[in-house]
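What follows is one structure encoded as structure tokens, with my remarks underneath.
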2 protein chains.
Amino acid sequence: MAYRETPLVTQRKLAQKSALLHAAESLVREGGFGALTIQALASAAGVGVGTVYRYFSNKDELTTEVFRRATIREVDAVSAVLDINGTMSDRLAAAAEVFSQRAFAAPKLAWALIAEPVEPAVDIARLKYRKKYAALFEKVIAKGVDSGELVPQIPALSAAALVGAMAESLLGPLDHLECRELTTAALRDFCLRAVGVVVESKCP
Amino acid sequence: MAYRETPLVTQRKLAQKSALLHAAESLVREGGFGALTIQALASAAGVGVGTVYRYFSNKDELTTEVFRRATIREVDAVSAVLDINGTMSDRLAAAAEVFSQRAFAAPKLAWALIAEPVEPAVDIARLKYRKKYAALFEKVIAKGVDSGELVPQIPALSAAALVGAMAESLLGPLDHLECRELTTAALRDFCLRAVGVVVESKCP
DNA sequence: CAAACAAGTGAATCATGATTCACTTGTTTG
DNA sequence: CAAACAAGTGAATCATGATTCACTTGTTTG
């Protein structure tokens, strides 16, 4: 007798939540998190504002989830490339390149994820995922130091510094899409030098 | 017959504005820009909220001015040390050390200036002063590249990356004041390697 | 001293977006 | 089909701090 959620309804609800998240990410891709208001999302998704609250208990939950999903894709891409075969410097080089290339491929999104002024909730998530990047780098750097491939250093500090270097150095160039290749290469070399890989042999 | 501002009054007004700015910076030193509300400032300075508006036309002007004054001190300190005699790497090393030491000396302020989530107006100022740091580094790096002391590179990119590396790598350690020396040295070495100075001779 | 004016005051108001809630519409069950 | 319930709605309300403004207090001038 009682009403029970049927599979069809469950699926529709999932689809609706997914549609909302997609619409929200589109808004962020176009105008950063500043463009992601409940009103804007509701009208972009073609629903009433109240409907948004059926799927997210509040704004922070929404923005945090949008940030999390987008950032996880980035972290995963960098993580994947850090696991390739080769020396530690090969891996770090590939990671820097991927980070840069992906940022150039979606500049506004990159800016939103990396540097846009946002509500504290998103900023906390940002900190968390920066640590995730740093943890990935730290592991590889530590291995490189152990094997003698990299100069002795504090892996945790170098890793954080790499994250900062990557993020900051792209902020300016992101709107100069022509310099993409040059910038990517320069950033990669900077990172390699920073962790103590000799780029050009000095002892012929 | 008409009322005209007497030197005494002019001086009092200057003193009042200065007192407000000092009180505002104290609030920021204790709790970041988040703690700097007009209400809090007014009661900290022992005046009514209306009085604050006699000296600053709006909140953005106030916060921006507090940020500007504090940051200029930092930029000047780094700038001064970049002008010392010595090789370009000596200068960059000194700059990294000064940046780090000053951050450790006032951790909450450093956090507020570098990374705290703030209203867009302050964030714009932040961007501006990050560029100022970068410009200082860029000059020194360019000189070093020209003289062959540093590896070939894009000075503007390396400079931005250095700024990012310094800022990011201190975010974590700032509450571990014990590691101050070690962290400072590690950051300095990271920066020197990054710009292509060979820290340890490889050709005996 | 008193007129003329500026500085100081803080309760009241405003601005911006998030959030609620009484109501409407759609689904499920027997 | 109709009862039972959830999803959808958007105008109204709320929350947070900035901002205003009618008023009070202090300074200057002749």
Side-chain angles (χ1 to χ4, degrees), chain A residues 1-21 23-24 27-28 31-67 116-123, chain B residues 1-21 23-24 27-28 31-67 116-123:
Chain A
M1 203 204 328
Y3 172 97
R4 293 190 87 266
E5 197 174 285
T6 207
L8 180 69
V9 173
T10 308
Q11 195 174 323
R12 264 191 207 150
K13 276 166 57 176
L14 283 172
Q16 179 69 290
K17 180 156 190 174
S18 172
L20 285 171
L21 283 168
L27 288 172
V28 173
F33 284 99
L36 178 54
T37 63
I38 303 287
Q39 291 286 353
L41 173 57
S43 70
V47 300
V49 292
T51 302
V52 176
Y53 284 89
R54 292 263 164 200
Y55 295 91
F56 302 94
S57 54
N58 54 44
K59 173 113 195 259
D60 279 354
E61 192 181 308
L62 168 68
T63 48
T64 295
E65 180 65 9
V66 172
F67 179 89
E116 184 189 359
V118 289
E119 56 239 84
V122 175
D123 232 76
Chain B
M1 197 192 356
Y3 172 98
R4 292 188 89 267
E5 195 174 285
T6 208
L8 179 69
V9 173
T10 308
Q11 195 175 325
R12 262 190 207 151
K13 276 166 58 176
L14 282 172
Q16 179 69 291
K17 180 156 188 173
S18 171
L20 285 171
L21 283 168
L27 287 172
V28 173
F33 284 98
L36 179 54
T37 63
I38 302 287
Q39 291 285 352
L41 173 58
S43 71
V47 300
V49 291
T51 302
V52 175
Y53 284 90
R54 292 262 165 200
Y55 294 90
F56 302 94
S57 53
N58 53 44
K59 173 116 197 258
D60 280 354
E61 191 181 308
L62 168 68
T63 47
T64 294
E65 180 66 8
V66 172
F67 179 89
E116 183 188 359
V118 289
E119 55 241 84
V122 175
D123 232 75

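Residue numbering restarts at 1 for every chain, and letters A, B, ... go by the order of the sequence lines. Keep in mind it's a predicted model, so treat the numbers as computed, not measured.
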Stem segments of DNA chain C by first residue number [Watson-Crick or G-U, under 3.5 Å, at least 3]: C:1-30 with D:1-30

Not counting sequence neighbours, which residues clear salt bridge (charged side-chain N to carboxylate O under 4.0 Å, His left out) with B:Glu65? List them please. B:Arg68, B:Arg69

Residues that A:Lys13 engages under salt bridge (charged side-chain N to carboxylate O under 4.0 Å, His left out), provided they are two or more places apart: A:Glu5

Minimum heavy-atom distance between [X] and [Y], given as atom pair plus value:
X	Y	value
A:Leu20	A:Leu41	O-CD1, 3.5 Å
A:Ala45	A:Ala23	CB-CB, 4.2 Å
B:Lys17	B:Phe56	CE-CE2, 3.7 Å

With sequence neighbours left out, the residues meeting side chain to side chain donor-acceptor pair (under 3.5 Å) with B:Glu61 are B:Ser57

Under-3.5 Å N/O pairs linking protein and nucleotides 20-25 of chain D:
none

So, with a heavy-atom separation below 4.0 Å from DNA chain D, the residues of residues 36-48 of chain B are B:Thr37, B:Ile38

Where along residues 12-20 of chain B does a heavy atom fall under 4.0 Å from DNA chain D? B:Arg12

Which residues share a side-chain contact (heavy atoms from CB on, under 4.5 Å) with B:Ala42, sequence neighbours left out: B:Val47, B:Val49, B:Val52

Have a look at A:Phe56 and say if it touches a base, only the backbone sugar-phosphate, or nothing, with a 4.0 Å heavy-atom cut-off. nothing

Starting at CG of A:Leu36, measure out to NZ of A:Lys59 and round the result to the nearest 0.5 Å. 5.5 Å

Applying side-chain hydrogen bond (donor to acceptor under 3.5 Å, both in side chains) as the test, list every pair that has at least one member in residues 31-54 of chain A; sequence neighbours left out. none

Do A:Leu62 and A:Ile38 have side chains that approach each other closer than 4.5 Å (heavy atoms only, starting at C-beta)? yes

Minimum side-chain heavy-atom gap A:Val28-A:Val66 below 4.5 Å: yes

